[in-house]
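These values consider heavy atoms only, across backbone and side chains, with no hydrogens, waters or symmetry-generated copies. Chain letters run A, B, ... following the sequence lines, proteins first and then strands; every chain starts at 1.
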2 protein chains.
Amino acid sequence: MKTMIEMQKKLLPDLLDVLKQRYEVLRQLHLMQPVGRRSLAAALGMTERILRSEVEFLREQGLIRIETVGMKLSDAGSDLVAEMEPLMKDLFGLTDLEKRLATHLHLKRVIVVPGDSDQSDWVKKEMGRAVARILKSIAQPDQVVAVAGGTTLAAVAEMMTASSSLKETTFVPARGGLGEAVELEANTIASQMATKSGGKYQLLHVPDQLSDEARETLIKEPHIQEVVELVRSARIVVHGIGDAKAMAERRKSSPQLLAHLQQEGAVGEAFGYYFAPDGRIVYYGRSIGLTLEDLAGADNVITVAGGSDKAASIAAVCPAVGGGTLITDEGAARAILPM
Amino acid sequence: MKTMIEMQKKLLPDLLDVLKQRYEVLRQLHLMQPVGRRSLAAALGMTERILRSEVEFLREQGLIRIETVGMKLSDAGSDLVAEMEPLMKDLFGLTDLEKRLATHLHLKRVIVVPGDSDQSDWVKKEMGRAVARILKSIAQPDQVVAVAGGTTLAAVAEMMTASSSLKETTFVPARGGLGEAVELEANTIASQMATKSGGKYQLLHVPDQLSDEARETLIKEPHIQEVVELVRSARIVVHGIGDAKAMAERRKSSPQLLAHLQQEGAVGEAFGYYFAPDGRIVYYGRSIGLTLEDLAGADNVITVAGGSDKAASIAAVCPAVGGGTLITDEGAARAILPM
DNA sequence: ACCTCCGGGACTTTTTAAGTCCCATGTAGC
DNA sequence: GCTACATGGGACTTAAAAAGTCCCGGAGGT
């Protein structure tokens with residue numbers, strides 16, 4: 001049986017936000033007391049009015065006392081702050097991880113879901129749900145979302161739910177198919193995400209492994225060119241991160257390439273690029289679709305990858321992809337961060 | 001350490017209400033699926049619109065699926081319902097107790113706080129907090145609140161917090177002083193409640209034990225008569241329940257009275273009236289202030305008493321006081337109800 | 001072919017939260 | 001003792017969220 005906390009997160013995630021906010025007010029007040037509304041609001045980074053409402057509430061609950069010199073915690077208030085500390089750590093320990101990861105990897109936003117996808121497979125679904133929520137929240141009319149392939153992205157597609165805000169969204173694959181299991185192909189995932197969310201989609205029916213001439217020929221095809229244009233115009237990109245060795249084998253790469261990758265110490269893969277632990281690109285398997293340069297033009301690059309054994313890959317790829325959003329799990333997050 | 005829920009309730013008092021509502025929707029949906037909005041709303045006794053908001057939320061959480069035949073629980077949803085069942089029983093066992101007590105004692109409303117004030121003294125404070133909350137919620141401008149004495153009422157006074165809604169409230173003692181410890185006197189409590197809540201107060205400076213002539217004389221005093229008028233006009237009355245024997249001894253009653261009470265089997269006391277287990281009045285120690293008849297004119301009679309050893313007293317007094325509000329604790333509630 | 005109940009959209013009303021400005025007062029520093 | 005500043009609290013406006021209400025096209029069952 002899951003804990004009470006897990007249930008609350010599912011059934012009242014909105015209330016947990018206000019819980020956190022109120023606790024933060026209490027905690028900050030505890031540190032600064034006695035203090036006035038305005039200085040406290042500034043310290044907490046909230047407007048005066050909103051803090052005022054919280055203060056009013058906390059006063060009615062008898063947790064803080066208001067005096068002419070400022071506000072102070074009442075006895076009940078300081079007791080509560082002390083008692084709640086471990087609970088809040090449980091509830092929002094991940095928030096802390098998120099902040100540290102964001103600064104460590106220079107990302108705009110990091111979301112960490114509890115668990116480790118190496119050990120429990122529902123964790124991948126949780127990451128998927130998180131991605132779905134983000135997509136919903138940043139949705140804009142007539143946007144294009146490019147999605148990559150892989151098991152993690154498949155989980156994302158599975159967790160998409162219908163939403164009116166995604167109705168005018170077009171999902172496209174980021175690159176041509178990988179020539180592997182069809183349910184992990186970007187094409188499949190793009191169409192599944194569109195179906196589940198109520199959006200539209202366009203597919204890119206080209207193989208991944210192509211000779212240069214074949215690629216040049218294909219790319220001139222009008223209907224392919226059209227889709228490629230669409231893909232490269234995507235303002236939102238969702239992709240996973242692969243383990244370099246596993247990806248190379250899945251793509252049936254030549255023994256030479258495998259040896260090269262191993263020699264260079266490649267650990268992570270994304271969009272056909274293979275990365276060394278220091279973020280250096282050690283190989284690029286060209287295909288049709290998004291390139292790293294295109295990512296710079298996207299407003300939202302959403303990276304989703306988890307599992308403690310992918311920690312090195314994530315740490316290698318993220319800096320190269322640029323400071324977007326990372327959705328990962330607790331296992332990977334703790335493995336990435338220096339202790 | 002108190003339970004985690006107790007702590008959360010301080011920061012989010014309506015947490016349980018929301019949790020319960022959402023759970024009920026899930027549970028009912030589980031029973032009726034597939035079902036439409038309107039029938040589900042009717043079954044739950046809520047309006048269509050409000051259910052609609054809940055449904056929207058639950059769908060976003062991926063707990064329910066919406067199909068053309070109606071709504072169904074998703075796998076995650078049915079898992080959650082199953083997992084939550086025992087938890088909800090724990091959480092709302094008190095709600096259940098409240099309902100049963102209300103019908104058993106023919107009261108309008110019963111609130112049961114967890115614990116037993118015989119065993120832990122913070123339970124009395126919890127009851128006090130509950131009373132304070134009720135007073136706040138039913139507050140009207142220029143109202144008069146009559147309060148009795150006793151240790152329980154002292155706890156209520158202690159837990160009152162400043163509230164704008166009580167600013168125009170006048171607190172008065174229900175009866176003249178008991179001639180006992182000053183901090184348990186109705187006068188003291190009325191003034192303390194007024195001070196803590198930011199309201200006003202009027203006191204009744206007359207002893208409790210008076211000869212008939214002395215009482216008749218006193219009651220003609222203009223300033224006393226004025227307060228008595230105020231007391232009898234109170235639309236809200238808050239009182240506790242005493243153990244008959246203990247009260248009689250505290251009031252230094254004569255050996256004859258003690259014997260009489262014992263012979264008649266008096267168990268409970270309130271407002272100077274002594275009650276037998278069947279609710280019969282076996283003695284009335286007249287004083288100046290509220291009488292049982294005056295209670296009928298009050299809109300809200302709030303009885304607050306707890307502790308398993310007071311169960312008999314509560315059961316005896318409540319019916320006589322008439323169907324108001326009872327605040328008690330788990331210990332008393334379980335002892336009162338037939339098993 | 002009809003009839004009923006389904007989800008969803010759209011609009012209005014109501015309630016609640018937030019933004020903004022101002023004031024009397026108490027305290028600290030000079 | 002006086003000034004300057006930060007304090008809580010009040011009042012009013014504006015914005016946003018929630019709830020009430022009605023209607024529509026369509027799927028399923030009869």
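Look at CZ on A:Arg52: it is 14 Å from P on C:dC21, rounded to the nearest Å. The distance between atom CG of B:Asp14 and atom P of C:dT16, rounded to the nearest whole Å, is 12 Å. Atom CE of B:Met71 and atom P of C:dC6 are 8 Å apart (whole Å). A:Glu56 has its CD atom 14 Å from the P atom of C:dT16, to the nearest Å.
Every residue was checked against the side-chain hydrogen bond (donor to acceptor under 3.5 Å, both in side chains) condition with A:Asp96, not counting sequence neighbours, and none meets it. Scanning for salt bridge (Lys or Arg N to Asp or Glu O under 4.0 Å) contacts around A:Arg235 gives A:Asp299, with sequence neighbours left out. Residues that satisfy the salt bridge (Lys or Arg N to Asp or Glu O under 4.0 Å) test with A:Lys72, not counting sequence neighbours, are A:Glu67. Listed by chain and number, the residues in a side-chain hydrogen bond (donor to acceptor under 3.5 Å, both in side chains) with A:Arg22 are A:Glu54 (sequence neighbours excluded). In terms of the side chain to side chain contact (heavy atoms under 4.5 Å, CB included) criterion, residue partners of A:Gln8 (sequence neighbours excluded) are, by chain and number, A:Met4, A:Leu12, A:Leu16, B:Met4, B:Ile5, B:Gln8, B:Leu15. Contacts of B:Gln192 classified as side-chain hydrogen bond (donor to acceptor under 3.5 Å, both in side chains), with partners at least two apart in sequence or in another chain: none. Not a single side-chain hydrogen bond (donor to acceptor under 3.5 Å, both in side chains) links A:Thr152 to another residue, sequence neighbours left out.
Within 4.0 Å (heavy atoms only), A:Val55 reaches no atom of the nucleic acid at all.
Atom CG of A:Asp75 is surrounded by 12 or fewer heavy atoms from other residues, nucleotides or ligands within 6.0 Å. Other residues, nucleotides and ligands place more than 12 heavy atoms under 6.0 Å from the NZ atom of A:Lys20. Other residues, nucleotides and ligands place no more than 12 heavy atoms under 6.0 Å from the OH atom of B:Tyr201.
Of all heavy-atom pairs spanning B:Val112 and B:Leu94, the tightest one is O-CD1, 3.7 Å.
Taking 4.5 Å as the limit, some side-chain heavy atom of A:Gln21 sits within range of a side-chain heavy atom of A:Met46.
Taking a 4.0 Å limit (strictly below) on heavy-atom distances, residues 38-51 of chain A reaches DNA chain C at A:Arg38, A:Thr47, A:Arg49, A:Ile50.
Summary for the helix from C:dA1-D:dT30 to C:dC30-D:dG1: the axes at its two ends, each from 5 pairs, differ by 30° when rounded to the nearest 10 degrees.
Between chain B and DNA chain D, the heavy-atom contact criterion of under 4.0 Å yields a 5' to 3' nucleotide range of D:dG10 to D:dG28.
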Check: residues 35-45 of chain A side-chain donor-acceptor pairs under 3.5 Å, at least two apart:
from	atom 1	to	atom 2	distance (Å)
A:Arg37	NH1	A:Glu48	OE2	2.3

Show me the protein contacts with nucleotides 26-30 of chain C, counting only N or O atoms at under 3.5 Å.
from	atom 1	to	atom 2	distance (Å)
C:dG26	O3'	A:Thr68	OG1	3.4
C:dT27	OP1	A:Thr68	OG1	3.3

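Between B:Arg37 and A:Gln21, the residue anchored nearer the 5' end of DNA chain C, judged by the nucleotide with its closest heavy atom, is B:Arg37.
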